There are 2 protein chains.
Amino acid sequence: MRKPIQKRTIKTRAKLLSAAEEVIRHGGYEALRVEEVVKAAGVAKGTFFAHFRDKDALMEILIADKLNACLDQAQSETPPKTVPEIIASLEPVHEFMTSERYVFDLLIRYSGATAIADIGPIAYCFERYFRVVMMWLETAEMRKDVPSELLAEGVQAFAIQAMSLQYCALHSATTFTDRLETYLDAWLTPAG
Amino acid sequence: MRKPIQKRTIKTRAKLLSAAEEVIRHGGYEALRVEEVVKAAGVAKGTFFAHFRDKDALMEILIADKLNACLDQAQSETPPKTVPEIIASLEPVHEFMTSERYVFDLLIRYSGATAIADIGPIAYCFERYFRVVMMWLETAEMRKDVPSELLAEGVQAFAIQAMSLQYCALHSATTFTDRLETYLDAWLTPAG
DNA sequence: ATTTTATATTGACCGTGGTCATTTTTTGAT
DNA sequence: ATCAAAAAATGACCACGGTCAATATAAAAT
């Protein structure tokens with residue numbers, strides 16, 4: 001069985017990725033053009049699509065990288081125990097997620113896998129987010145009538161809702177943090 | 001004083017809309033091509049964009065129409081009182097929302113307004129969904145420690161989460177209805 | 001070294017959404 | 001009826017993501 005991972009291949013891929021990062025550093029994610037990336041990388045357009053299924057696939061990789069860095073940071077600190085602490089710990093994650101409308105939309109679109117056995121890097125990020133929160137909740141003083149797995153899924157749902165409403169003119173009175181705190185208070189520590 | 005809404009205008013717009021509906025009836029939403037619509041409507045391409053900001057704007061109108069029809073239906077029946085009844089009443093709405101991946105993505109993308117004072121038909125649908133659920137909750141026996149407004153926002157968040165996870169290979173063990181029921185039981189009637 | 005085969009790269013080309021200067025039609029004033 | 005100004009329709013054109021047959025390069029076999 002031949003396993004020829006040519007050196008050229010990883011080099012070209014690396015060139016494309018770093019070129020894309022550079023392009024994004026200048027104009028943000030939304031403004032990225034494939035033509036610009038391949039020009040900066042010094043390869044032909046077709047080469048790009050030999051390395052990435054489509055433009056979104058590249059975006060997934062780059063955005064998931066950044067998101068994983070945010071999750072690293074969140075995980076490195078001492079586990080939060082209260083709702084405000086949880087929100088504070090997740091702040092860098094949410095901050096990046098809503099840094100650009102384009103980024104948020106893409107995150108949501110790829111938060112679940114497109115097809116079975118085709119789970120992309122962003123879907124893994126969401127899975128990781130879920131697991132990190134679940135671990136926090138297990139050692140925090142939250143309601144115990146439902147499993148912490150379910151609680152963590154709810155935190156994710158509410159965080160997405162709160163981020164979405166940031167973009168919604170009909171609900172722009174409250175800030176993201178206030179809204180999320182209201183949600184999580186009601187979800188994690190309901191007053192019997 | 002100038003208010004010349006030419007008859008021609010509404011006629012052309014109507015032609016475009018019904019042509020689009022016809023096209024969708026055949027191939028679904030995702031496969032719709034603007035060229036096909038204008039051909040079927042017997043107008044030039046430029047005319048399309050004189051009537052709709054872009055392709056998404058047309059889609060918003062058509063999808064919001066369908067969604068409003070579903071909401072009409074949900075509202076016409078006797079108000080549900082329990083979690084399973086609420087889920088059952090919303091079933092046609094959720095059914096349509098997830099009828100096509102393309103539709104679901106577009107719904108989410110336009111669920112909030114793109115910009116202040118630029119609230120599209122889909123954003124209004126979400127607002128309506130929220131209000132309908134809130135009214136149901138007010139006369140149902142749910143937790144009373146938080147306002148029903150908040151409860152309704154939560155229902156929306158959980159419904160979206162449950163729909164999203166339908167598309168996610170990492171969480172495809174549970175069905176949509178089961179998952180949503182689990183969510184709403186924990187959200188609406190927490191065991192002190 | 002030479003040939004063969006697998007893999008990577010290329011760039012002309014296509015599909016489709018969206019633009020805009022030009023032309024056609026409608027409307028209101030005379 | 002005639003004309004001027006506003007509104008609507010037109011279609012050639014552009015931008016940009018994505019394809020693919022042809023070509024170039026690397027690795028394996030002789």
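In what follows, chains carry the letters A, B, and so on, assigned in the order in which the sequence lines appear, proteins first and then strands, with residues in each chain numbered from 1. Worth saying up front: this structure is predicted, and the values here are computed from it rather than measured. Values reported hereafter were calculated over all heavy atoms of this structure, with side chains retained and with hydrogens, waters and symmetry mates removed.
Look at CD on B:E35: it is 14 Å from C1' on D:dT10, rounded to the nearest Å. At whole-Å resolution of the value, CD in B:E36 and C1' in C:dG17 are 14 Å apart. In this entry the distance linking CZ of B:F49 with P of D:dA7 reads 22 Å, nearest Å. The separation between A:L106 atom CG and D:dG17 atom P is 13 Å, rounded to whole Å. Protein atom NZ of B:K45 is 6 Å distant from nucleotide atom C1' of C:dG17, rounded to whole Å. The nearest whole Å value for the distance from the CZ atom in B:R33 to the P atom in D:dG17 is 17 Å. Separating the CG atom of B:L58 from the C1' atom of C:dG17 is a distance of 13 Å, rounded to the nearest angstrom. Rounded to whole Å, the distance from CD1 on A:I10 to C1' on C:dA8 is 13 Å.
Note on ring orientation: taking the six-membered ring where Trp is involved, the planes of A:F104 and A:Y167 are tilted (angle from 30° to 60°). Relative ring orientation between B:W187 and A:W187 is described as tilted, the plane-to-plane angle lying within the 30° to 60° band.
Of the residues near DNA chain C, A:F48 and B:F48, the one whose nearest nucleotide (by heavy atom distance) lies more toward the 5' end is A:F48. Comparing A:A50 and B:D54 against DNA chain C, the residue whose closest nucleotide sits nearer the 5' end is A:A50.
The side chain of A:V34 sits closest to D:dG17 out of D:dA27, C:dT26, D:dG17. Nearest to the side chain of A:H51, among C:dT9, C:dA8, D:dC16, sits C:dT9.
Under a 3.5 Å cut-off, the side chain of B:R131 and the backbone N or O of B:A152 do not form any donor-acceptor pair. B:Y124 contributes no side-chain N or O that, together with a main-chain N or O of B:A64, makes up a donor-acceptor pair within less than 3.5 Å.
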Could you give the side-chain donor-acceptor pairs of residues 14-21 of chain A under 3.5 Å, partners two or more places apart or in another chain?
residue	atom	partner	partner atom	Å
A:S18	OG	A:A14	O	3.2
A:S18	OG	A:K15	O	3.3

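Within 4.0 Å of A:L32, counting heavy atoms only, lie sugar-phosphate atoms of the nucleic acid but no base atom.
At a cut-off of 3.5 angstrom, the base of C:dG18 holds no donor-acceptor pair with the side chain of B:K55.
Within the 4.0 Å cut-off from OP1 or OP2 of D:dA8, not a single side-chain nitrogen or oxygen of B:R8 is found. Within the 4.0 Å cut-off from OP1 or OP2 of C:dA8, not a single side-chain nitrogen or oxygen of A:T12 is found. Put simply, A:T47 has no side-chain N or O that comes within less than 4.0 Å of OP1 or OP2 on C:dA8.
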